[in-house]
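Notes for the one structure printed next.
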Amino acid sequence: MIKANTFVMIEKVILHKEFRSSQLPDATKAVDVKAYIKGFLREDANMNHPVTIITSLGHQESGTLIEVHPSYSHSFGEYIEEMAHIGPSLFDLLKEGEEE
Amino acid sequence: MNPQDLILRKQEILLKAMQLDYESFRLSEVAFDYEAMMESTSFTMDEARTIQHQLGVGNTPLLRLDQLSTLAKKLAKPGYGATILLKDEACNLSGSFKARRASLSCYMAKKLGYQGVIAATSGNYGAAVAAMCAKLNLKCIIVQECFDDRHIGQPEIMEKARACEAYGAQVIQLTVGPELFTVLLDLLDKTGYFNASLYSPYGVAGVETLGQEIIEQTRNQYHKDPSAVIITHAGGGNVTATARGIKKMKADSVIVGASVDLSGLSMASDYDFNRKSFTTGHTGFGFPFAQNPDRSDVVFSAARPLRYLDRYVTVKQGEVFYITEVLAKLEGLERGPAGNTALAAAFVLAQQMKEDELIVVQETEYTGAGKHFNAQLSFAKHMGIRIRVGDPKDEIAGESIVIPALPSLLRYDEVDLNRMRRSYLNNKFKEISSDELSDVNVAFFMEETRCTKEEIIRQWEVFCETK
């Protein structure tokens with residue numbers, strides 16, 4: 001059970017796939033248009049159940065509860081060995097012709 | 001949401017959301033008075049600069065990239081290798097030149113009495129609008145195209161959502177598709193907020209100050225105008241307004257647009273969406289918006305790149321990542337990468353220019369978690385893109401990213417602007433119901449494409465024959 005007033009994220013189907021334009025690429029028209037919105041739960045609720053939230057601007061939105069205390073997990077990535085040669089090679093190039 | 005109803009009511013919703021009567025500028029079913037629309041912003045350049053100064057925008061440093069220029073000179077033939085200057089737009093509030101675009105829009109929203117502002121953008125513009133709204137005490141909603149159907153999102157867009165929320169905006173994240181525009185209309189209709197479109201006269205005019213500053217700075221610091229100014233090109237506002245500012249200073253620098261080559265990838269595809277490592281500054285926006293500028297969230301776009309582009313070049317994703325690392329290692333500047341698209345092309349163009357010439361790269365953007373090239377390249381690897389060191393000409397967007405082995409391997413491809421002009425004309429001709437091409441339309445197309453009257457009439461005849 002998730003308590004009312006908890007900060008959460010909901011998933012909401014904005015447009016079902018059957019109403020999407022036939023001009024869209026196949027991979028796109030095969031799926032619904034979904035929105036992800038954050039806000040505070042109006043009432044106690046369970047995960048993956050329909051809920052209503054109040055956004056930070058005071059607007060009401062409804063959808064499926066998918067995340068509690070949504071946070072950011074993007075990072076500076078992993079070590080990329082394909083970028084490692086760049087710095088050292090530049091210093092060699094800039095030094096060329098300057099030592100004679 | 002009822003998409004049909006919203007599209008039918010588009011004009012009415014946009015009029016209420018901007019208090020800008022686009023129809024008053026209309027000259028024919030395709031033509032409108034562009035200069036009158038731009039003047040309707042009612043800001044002089046000095047007023048725009050005063051407003052921007054109050055909002056922490058503008059007066060950014062123009063940095064000389066000494067070591068990068070030396071490297072370009074070493075790769076050029078004797079007597080060649082221009083000095084590369086970089087306008088450090090990351091110094092604006094919110095970390096990019098987009099603050100210039102947001103500043104006048106949000107200022108107008110406040111002046112006109114709106115309670116809040118909405119913008120549809122997955123880019124730096126969202127953070128810029130959110131920051132301006134914070135400073136002006138306006139509510140802010142940013143709508144992003146963000147995830148594929150599996151709820152996987154580009155790390156760069158995740159970072160931009162974070163920045164928007166840091167400045168107090170409500171972010172609505174959508175899955176891939178052009179329905180973003182209908183969602184925007186729905187939100188404008190429901191909230192009564194201001195539409196801070198990137199393509200409104202305010203959204204574009206705010207960047208004219210950037211062109212003006214570049215010319216002032218090169219005149220003050222180097223006692224000459226730059227031979228070329230190179231501008232990362234996506235929706236067209238950056239090219240249009242920088243060039244307008246430069247022309248207002250009566251400088252005749254060559255205006256060069258640069259985009260990342262994403263040919264072969266569909267921007268509306270749920271599959272391709274996460275197989276590109278650039279979310280802006282690429283040909284997926286650069287080509288269609290040049291060839292059909294009025295495809296945006298306003299009636300007439302204020303961004304009209306074909307009026308201003310003297311040249312248009314493309315570079316590969318791997319080349320932009322490469323130059324981003326070079327910028328950090330040789331100049332102590334950690335920026336981008338997307339904003340460094342023009343820098344990658346400038347490094348090659350400088351080698352073809354004489355050593356006493358100046359080339360200005362007109363923007364940088366902040367970097368950070370999600371945006372950094374290691375975040376981008378890690379994400380690309382997870383999406384199945386092959387990353388390798390080699391010759392970037394072998395890169396295939398959506399399949400591979402090739403990091404140049406050596407700086408001498410950087411190059412650019414020249415885009416045929418005449419072909420773009422013909423494509424633009426054909427798009428506009430389709431909207432004409434008459435069998436005749438009126439004088440009003442011919443005059444408008446001459447301004448739009450910089451083609452002669454004869455060239456436009458010839459293209460019309462070709463169009464009519466093939467119709």
Side-chain angles (χ1 to χ4, degrees), chain A residues 9-17 19-21 23-39 53-61 63 66-67 70-98, chain B residues 1 3 67 70-71 74 116 139-141 146-147 149 151 155-156 158-159 161-162 165 168-179 182-183 190-191 266 268-272 321-322 325-326 328-330 368-370 372-379 381 387-389 401 403 405-407:
Chain A
M9 183 191 262
I10 60 164
E11 178 183 285
K12 176 184 180 180
V13 174
I14 296 265
L15 195 65
H16 286 281
K17 57 189 173 196
F19 299 112
R20 298 192 85 167
S21 163
Q23 315 254 312
L24 290 171
D26 291 344
T28 312
K29 67 188 177 201
V31 295
D32 298 334
V33 184
K34 291 179 281 192
Y36 296 87
I37 308 169
K38 295 172 190 171
I53 59 166
I54 305 292
T55 71
S56 57
L57 299 184
H59 301 149
Q60 192 166 304
E61 296 281 358
I66 61 157
E67 198 178 339
S71 60
Y72 312 102
S73 56
H74 59 281
S75 70
F76 285 90
E78 295 146 21
Y79 176 72
I80 303 292
E81 61 180 350
E82 294 84 354
M83 296 294 286
H85 66 287
I86 301 174
S89 75
L90 294 173
F91 302 126
D92 293 345
L93 273 167
L94 282 170
K95 258 190 271 168
E96 259 174 39
E98 280 170 17
Chain B
M1 189 176 80
Q67 293 214 88
T70 303
L71 188 61
K74 279 183 181 275
K139 292 181 175 180
C140 179
I141 300 177
C146 189
F147 295 112
D149 188 57
H151 198 47
E156 186 173 18
M158 299 298 127
E159 162 54 21
R162 185 207 60 79
E165 290 179 342
Q170 166 77 49
V171 179
I172 296 181
Q173 297 178 304
L174 302 178
T175 50
V176 178
E179 292 86 351
T182 6
V183 174
K190 280 180 183 155
T191 60
S266 163
S269 165
D270 193 84
Y271 179 81
D272 288 350
F321 289 133
Y322 182 91
E325 170 68 345
V326 174
K329 290 290 188 286
L330 293 189
H372 191 272
F373 53 73
N374 280 357
Q376 288 294 323
L377 289 167
S378 300
F379 181 73
K381 283 187 178 184
I387 317 286
R388 61 185 179 82
V389 178
I401 291 174
I403 309 297
L406 292 164

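Quick note on labels: first sequence line is chain A, next is B, and so on, each numbered from 1.
Contacts between Leu174(B) and chain A at a heavy-atom distance below 4.5 Å involve backbone atoms as well as side-chain atoms. With a 4.5 Å cut-off on non-hydrogen atoms, Asp32(A) touches chain B through its backbone but not through its side chain. Interface remark: Glu179(B) contributes side-chain atoms only to the contact with chain A (heavy atom separation under 4.5 Å). For Thr55(A), the parts lying under 4.5 angstrom from a heavy atom of chain B are both the backbone and the side chain. When heavy atoms are compared at a cutoff of 4.5 Å, Phe147(B) approaches chain A solely by way of its side chain, counted from C-beta outward. Using a 4.5 Å cut-off between heavy atoms, Thr191(B) contacts chain A through its side chain alone, with no backbone atom that close.
Of the residues considered (Leu15(A), Leu57(A), Ile14(A), Leu24(A)), Leu57(A) shows the highest number of contacts with chain B, using heavy-atom pairs under 4.5 Å. Between chain B and the options Thr28(A), Val33(A), Asp26(A), heavy-atom pairs under 4.5 Å are most frequent for Thr28(A).
Note: His85(A) and Tyr322(B) have tilted aromatic rings, judged against thresholds of 30 and 60 degrees for the angle between ring planes.
Note that CZ of Phe91(A) is 11.0 Å distant from CG of Leu71(B), once rounded to the nearest 0.5 Å. Here the CD atom belonging to Gln170(B) is positioned 8.5 Å from the NE2 atom belonging to His59(A), to the nearest 0.5 angstrom.
Under 4.0 Å is where a charged nitrogen must lie from a carboxylate oxygen, and between Glu78(A) and Lys381(B) no such pair does.
Put simply, the side chain of Asp270(B) does not reach to within 4.5 Å of the side chain of Pro25(A), judged on heavy atoms. With contacts defined as side-chain heavy-atom distances shorter than 4.5 Å, the pair Asp149(B)/Lys34(A) qualifies.
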